[in-house]
Protein chains: 2
Amino acid sequence: MKIEDEIKQRTFRDEYQKAYINLVFTSGWLQLKQGAMFKDFNLTSPQFNILRILRGQHPKPATVNMLIERMLDKTSNASRIVDKLEAKELVTRKVCPSNRRAVDIRITDKGLELLTKLDDVVNSQQLGMSNLTAEEASQLSALLDKIRD
Amino acid sequence: MKIEDEIKQRTFRDEYQKAYINLVFTSGWLQLKQGAMFKDFNLTSPQFNILRILRGQHPKPATVNMLIERMLDKTSNASRIVDKLEAKELVTRKVCPSNRRAVDIRITDKGLELLTKLDDVVNSQQLGMSNLTAEEASQLSALLDKIRD
DNA sequence: TGCAAATATATGTACATACATTTAATGTTG
DNA sequence: CAACATTAAATGTATGTACATATATTTGCA
């Protein structure tokens with residue numbers, strides 16, 4: 001469905017405004033679909049994002065700072081998201097021995113198991129991008145990189 | 001800057017995953033920039049979004065339902081965002097005479113003035129899309145529409 | 001007409017976001 | 001080495017998001 005119909009706005013100031021609105025709308029649309037998927041596993045998108053970063057580090061620990069650096073949403077509050085994951089026993093938190101200001105965060109076996117289950121679901125849905133060819137997906141990435149230049 | 005460097009992830013499963021992550025990241029990046037711009041005017045992005053819809057209707061009223069239908073983020077709580085705008089006297093809320101379940105929402109003169117000021121700022125920044133040509137922006141919109149097919 | 005279903009909005013709750021401030025540990029430098 | 005700046009994380013507050021539920025009004029139809 002064209003963006004004009006999605007938000008019932010017939011005209012845009014120019015192609016830039018239209019692309020901007022389309023970008024924000026589509027991102028929200030994808031995240032909503034992904035969020036619904038995670039709900040069955042009692043996890044939110046940012047929580048999943050952090051778990052995946054921790055798996056990438058495993059068995060080495062990550063710090064809150066590293067999480068923020070690698071998260072999709074830089075401004076979100078990694079500290080409190082880790083709180084929730086810790087409460088669910090999906091990660092552990094321990095003062096870093098070499099720098100007691102920092103906290104070593106590690107994914108637990110339970111966390112790894114959960115991610116394994118989620119991988120299947122996420123992969124099978126191809127993250128909702130399956131209408132594009134690989135060529136088009138690559139083209140899209142290039143355009144997005146250019147926006148942030 | 002390439003997405004690999006932005007989130008310090010060197011490899012992706014495939015072009016689809018990379019495009020997905022790039023899309024969500026870029027959308028957040030743009031919205032953060034836009035939000036910072038609005039902050040000087042003591043307004044948030046969703047509040048701005050709603051004000052703009054109301055201006056499009058002016059002097060006719062909108063209802064909460066119409067706002068939800070046209071908002072970029074369908075699931076956000078229009079009712080409570082209108083609360084905030086009403087408290088700032090940027091909109092008025094009045095029971096609709098012909099259907100007392102509905103509420104007529106209108107932008108005030110104060111709201112229109114604020115938008116006029118913001119238009120300049122928003123336009124001058126071209127919403128952060130100025131690195132693209134008009135052709136590329138149009139191409140981007142086409143790809144995004146295709147994702148949501 | 002009367003009563004259930006549908007509609008329009010508001011409210012409650014849990015969690016996330018954005019940003020300022022606080023607390024504690026570590027570096028730096030005079 | 002003491003004083004001050006810097007760094008890492010946590011906390012506070014206001015707002016927004018997601019979703020379930022409540023309240024009031026209108027519609028449909030037996």
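Proteins get letters first, then strands, A, B, ... in listed order; numbering begins at 1 in each.
When only modelled atom types and interatomic distance are considered, A:Asn22 and B:Arg148 share a side-chain donor-acceptor pair under 3.5 Å.
Toward the 5′ end of DNA chain D lies the nearest nucleotide of A:Ser79, the other residue of the pair A:Ser79 and A:Gly35 mapping further downstream. Mapped onto DNA chain D by nearest heavy atom, A:Val82 and B:Met71 fall at different nucleotides, with A:Val82 at the one closer to the 5' end. Ranked by how close their nearest DNA chain C nucleotide is to the 5' end, B:Met66 and B:Arg80 are led by B:Met66.
Rounded to a whole Å, the CG atom of B:Asn49 is 12 Å from the P atom of D:dG16. Protein atom CG of A:Asp104 is 13 Å distant from nucleotide atom P of D:dA8, rounded to whole Å. The CD1 atom of B:Ile81 sits 14 Å away from the C1' atom of D:dA14 (whole-angstrom rounding). Atom-to-atom, CD1 of B:Ile50 to C1' of D:dG16 comes out at 11 Å; the value is rounded to the nearest Å. Here the P atom of nucleotide D:dT21 and the CG atom of B:Asn77 are 16 Å apart, to the nearest Å. As a whole-Å value, the separation of A:Leu43 CG from C:dC15 P is 12 Å. Between the CD1 atom of B:Ile68 and the C1' atom of C:dT9 there is a distance of 8 Å, given to the nearest Å. Remark: P of D:dC19 and CG of A:Asp40 are 11 Å apart, rounded to the nearest angstrom.
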I'd like a list of close polar pairs between nucleotides 1-7 of chain C and the protein, N/O only, cut-off under 3.5 Å.
unit_1, atom_1, unit_2, atom_2, d
C:dT7, O2, B:Arg101, NH1, 3.2

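Proximity note for B:Lys39 (side chain, C-beta onward) versus C:dA25, C:dA20, D:dA9: the nearest is C:dA20. The side chain of A:Thr63 has D:dA9 as its nearest neighbour among D:dG16, D:dA9, C:dT9. Residue A:Lys84 places its side chain closer to C:dC15 than to any other of C:dT11, C:dT9, C:dC15. Among C:dT26, C:dT9, D:dA10, the nucleotide with an atom closest to any side-chain atom of A:Arg100 is C:dT26.
In this structure, the side chains of A:Asp149 and A:Asp145 stay at 4.5 Å or more apart for every pair of heavy atoms. Looking only at side-chain heavy atoms (C-beta outward), B:Asn49 and B:Leu67 stay at 4.5 Å or farther from each other.
With sequence neighbours excluded, the residues that form a side-chain contact (heavy atoms from CB on, under 4.5 Å) with A:Ser45 are A:Gln34, A:Phe38. The side-chain contact (heavy atoms from CB on, under 4.5 Å) test applied to B:Leu112 returns B:Arg55, B:His58, B:Ile107, B:Asp109, not counting sequence neighbours.
In terms of modelled atom types and a separation under 3.5 Å, the side chain of B:Thr63 and the main chain of B:Val103 share no donor-acceptor contact.
The shortest distance between the side-chain N/O atoms of A:Thr44 and the OP1/OP2 oxygens of C:dC15 is not below 4.0 Å. The phosphate of C:dT9 has neither OP1 nor OP2 within less than 4.0 Å of any side-chain N or O from B:Arg93. Contact check, B:Gln47 against D:dG16: a side-chain N or O comes under 4.0 Å of OP1 or OP2.
A salt bridge links A:Arg10 with A:Asp5: the distance from a Lys NZ or Arg NE/NH1/NH2 to an Asp or Glu carboxylate oxygen falls below 4.0 Å. The pair B:Arg93-B:Asp83 meets the salt-bridge criterion, since a charged nitrogen lies less than 4.0 angstrom from a carboxylate oxygen.
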